[in-house]
Structures are given as C-alpha cells and as structure tokens.
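Both ligands and their constituent atoms are indexed starting at 1 by order of listing. On a predicted model such as this, the values are computed, not experimentally measured, just so you know.
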Amino acid sequence: MSESYFDEFEAPNRLLLGAGPCTVHPRVLRAMTQPVVGHLDPLFFQIMDEVCEMLRQVFHTENYVTMPISSTGTGAMETACVNVLERGDTAIVCRNGYFGVRLADITQRCGANTIMVDSPWGQPADLNALEDALNANPGTKMVGLVHAETSTGAITPLQDAIDLAHRHGALVVVDAVTSLGSHEVRVDDWDIDVCYSASQKCLGSPPGLAPVTFGQRAMDVIDKRATPVESFYFNLQGVAEYWNETQRVYHHTSPITMTYAMRESLRMMMEEGIEERHARHARVAAGLRAGLAAMGLELTTNPEYQLNPITIVKAPEGVDEGAARARLLNEWNIEVSGGLGEFRNKVWRIGMMGEGARETSVLAVLSALEVILSDAGYEVAYGASVAAAQRSFAMNGSAP
Ligand SMILES: *Cc1c(COP(=O)(O)O)cnc(C)c1O
C-alpha cells in the first residue's frame, strides 16, 4: 500500500467578504456533489435550458442569446469584445476604475482603435466626456461601460449613456459583473446591446461561469462581420450552437458541475425574489456604512453613486492595510480585499455580495475591525460601530 504524497485538503469555512468570490451557500455546494453527467446528455440539456430561462429573468431580457460562458468574468469581457469588434473599428471605453482599464485593454487587443474616456476613481463615468468622444469619433462601433466598478465602489447610472451611444449608432457593452444580483440591471428596458456578469459575485456561485446576453442589434453586427471572430473558444456563434435547443452541436465540453451550481444559486435567487435580493443588499450595505462611519473611517466613493455589494474604505493613517487584512483572515476567518491599481495598499474593499450580504456578516466584520484597529493604535470606541449598524438595520426593518 502506498501513501499519497500530499494530505487531503480541507478548506476552512471562511466568511468571504471581499470583492469575490463570495461565500457559497451549502445548497449550492451540495448541488456540486451530484454525479457528473455528459455534456450531450438530454438531462443536462434540460439543466441548461433552466439556467438560461432564469438568467433571462435576472437580466430582465427576452434575448434568446443568453447563457453562461465557460470562464470567469474576464472571459465574458473577451466574448463581448471579440465578437462585436473587428480590426480597425473604433471603440470608446469609459474608465473610472480598474475594470474599465481592463475592458480598454481587451478592446485594444481585439485590434480596435480605442478611445479612453477617463473619470477619477470613485466617480461614475463622465457622460459629457463620452459625448465629446462620440462627436469626435463618428462611426464608433462600440461603447464600453462598467455598471458597478468593483475597484472603486462607484455605480454608473446607465440609461443616459446608452441613449447617447445609440444616437451615435454605437453598440453598448455593459459590464454588470458586480451589479447583477445586487442592483437592478434591465437589459431590455434600458436597451443594452451586450451585457455580461460572473458567477462568483452577487449571483452566489463559485467562480467559473460568466453569463452573457446579446440583443438583436449586436447579433446583426456579428452576422455582418467581414472577418471571422479571432477566438475559437469565445466565438459566440459556436457557443450558441451548443446552447440552442434545436442544435446542440458540440463546441467545447461544458463545465457540468459549475452549471449545477449556477442552477441552484439562480433557483435560490428566484425563491428570494430579485427585488427582495436587491433590497437586502441595500439594507446590509447601509448598516455597514453606518458602522464604518461610527468608527470614523473614510469612504473613497462619491456617496451619491455608492454601490451596495462593495464598500471601499480608507485604511487610517498609520494602520498597515495588509497586516490588518491578514489578522482578519487568520484570526477571524474573514476575507476582505485590498485595493487595486491606484488604491493598492490604501484601502479595504468590503464585499457584501450574494450569500455573504447578511446583517450578521456586517456585525462580524465591524467587531473584528474594532479590535484590529484599536490594537494598531487607532482610537476606537468599542461597540460603537456595531451599535450604529444595528440602529441602521432596525430603521430599515431588518433584524440580524
Ligand atoms: C470581478 C470583475 C471582473 C472580472 O471577473 P473575473 O471573474 O475575475 O474574471 C470584471 N469586471 C468587474 C466589474 C468585476 O468586478
């Protein structure tokens, strides 16, 4: 008998309150322990159809081409851009944080002449600057916008930007990775052409799938391409032939277990109700912000455009951001995220996403932060932040 070289891995039960992945509900984990069936098994086709139907409800769309891409959110970003853009096209990307920067990087890699519309971190996208860019670049093929900038905590209201882009004949690609499942995203009512998300933020699954939806205007542009899509894996028409119930043509092996997980997390969302889920994220975020304010901590986001699933808070002067985060993880089993890009080493990003967005999560992270900040020499009135959060919850009619 030989012994295995490594021990079996037993993952700790962390409370994941960072920028994703979020904590996954046991029901979703249980769904992932189901036997693996084949990707061309008719039973699996039914699972696929159910996932698509629920995704249409979450996106508020009747778009037929609505399905999860086998990748994380970044693969959905590539899917959106590589299908819509051809070399030499013009794309305008609004950059008000790290993911806007990534989106522009991707449009450039697709060979598009990419015009950047920059706004300061913590602010929504600048629509006046977008209008100037559209006026200066007639024939722009695509405008890219990040609805919820996970790196800065800011939400960009979309309707005016979408109307503006359409008046100039451009398609609108919206990153809803962090907003889907926590803020309203209405693809049809707002007339979004391409919208994408990811399983591990507010949808409540582990990382590994990235829902996308393409409207008719975008599909027409793809149909009329002069050149083939420069990706095999993310070629939408190939992927769609597998997801289309009248075709079911093999494109790549579907991640079966991930699809089980997504189906269960969407089922949970339907049980809770989409509106109720948004309200929960708002209630929980209000409590978190009240608690952070009571501790005297400063937020970096314009308060009028504050996201609910993620709150960015500045580490106080003299407190080592990374060391505090390490104590949270090692001693409290709580994960929060550090800053990206220009916020690196300066902020904590506290996520209240999906299953993690609970009143009890707020109380846990606030009480741990009180101890950690106090030990680091920052003056804290013990209990004040927790009390402030509880007052906020009571005012909003929820009890932990
Ligand atoms: C997380 C995130 C992404 C990228 O998703 P991955 O799953 O990490 O590939 C893209 N956009 C936004 C706004 C995100 O928060």
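Panel note: side chain Asn330, backbone Arg327; no donor-acceptor pair is recorded below 3.5 Å. Not a single donor-acceptor pair under 3.5 Å links the side chain of Ser361 to the backbone N or O of Ala357.
For atom 2 (C) of ligand 1, the closest non-hydrogen atom of the protein is Lys201 NZ, 2.6 Å. Looking from atom 12 (C) of ligand 1 to the surrounding protein, the closest heavy atom is Phe99 CG, 3.4 Å. The single protein non-hydrogen atom nearest to atom 15 (O) of ligand 1 is Thr150 OG1, 2.3 Å, given as residue, atom name and distance. Nearest protein neighbour of atom 5 (O) of ligand 1, counting heavy atoms only, is Gly73 CA, 3.5 Å. The protein heavy-atom contact nearest to atom 4 (C) of ligand 1 is Thr74 OG1, 3.6 Å.
Of the heavy atoms in Ala148, only backbone atoms (N, CA, C, O) come closer than 4.0 Å to ligand 1. With a 4.0 Å cut-off on non-hydrogen atoms, Thr178 touches ligand 1 through its side chain and not its backbone. Looking at Asp175 against ligand 1, only its side chain comes within 4.0 Å, counting heavy atoms.
Taking the six-membered ring where the residue is Trp, the centroids of His252 and Tyr242 are separated by 6.0 Å or more. Ring centers of Phe44 and His39: at least 6.0 Å apart, outside the cut-off.
Between atom 7 (O) of ligand 1 and the options Gln200, His147, Met77, Met353, the minimum heavy-atom separation is to Gln200.
Applying the side-chain hydrogen bond (donor to acceptor under 3.5 Å, both in side chains) test between His168 and each of Asn137, Asn135, Thr140 identifies Asn135 as the sole match.
The Thr72 neighbourhood of ligand 1 comprises atoms 6 (P), 7 (O), 9 (O), with distances under 4.0 Å to a heavy atom of that residue.
One finds the NE2 atom of His25 at 12.5 Å from the OG atom of Ser205 (value rounded to the nearest 0.5 Å).
The cationic group of Arg248 lies under 6.0 Å from the six-membered ring centre of Phe45 and within 45° of the ring axis, placing it in a cation-pi geometry.
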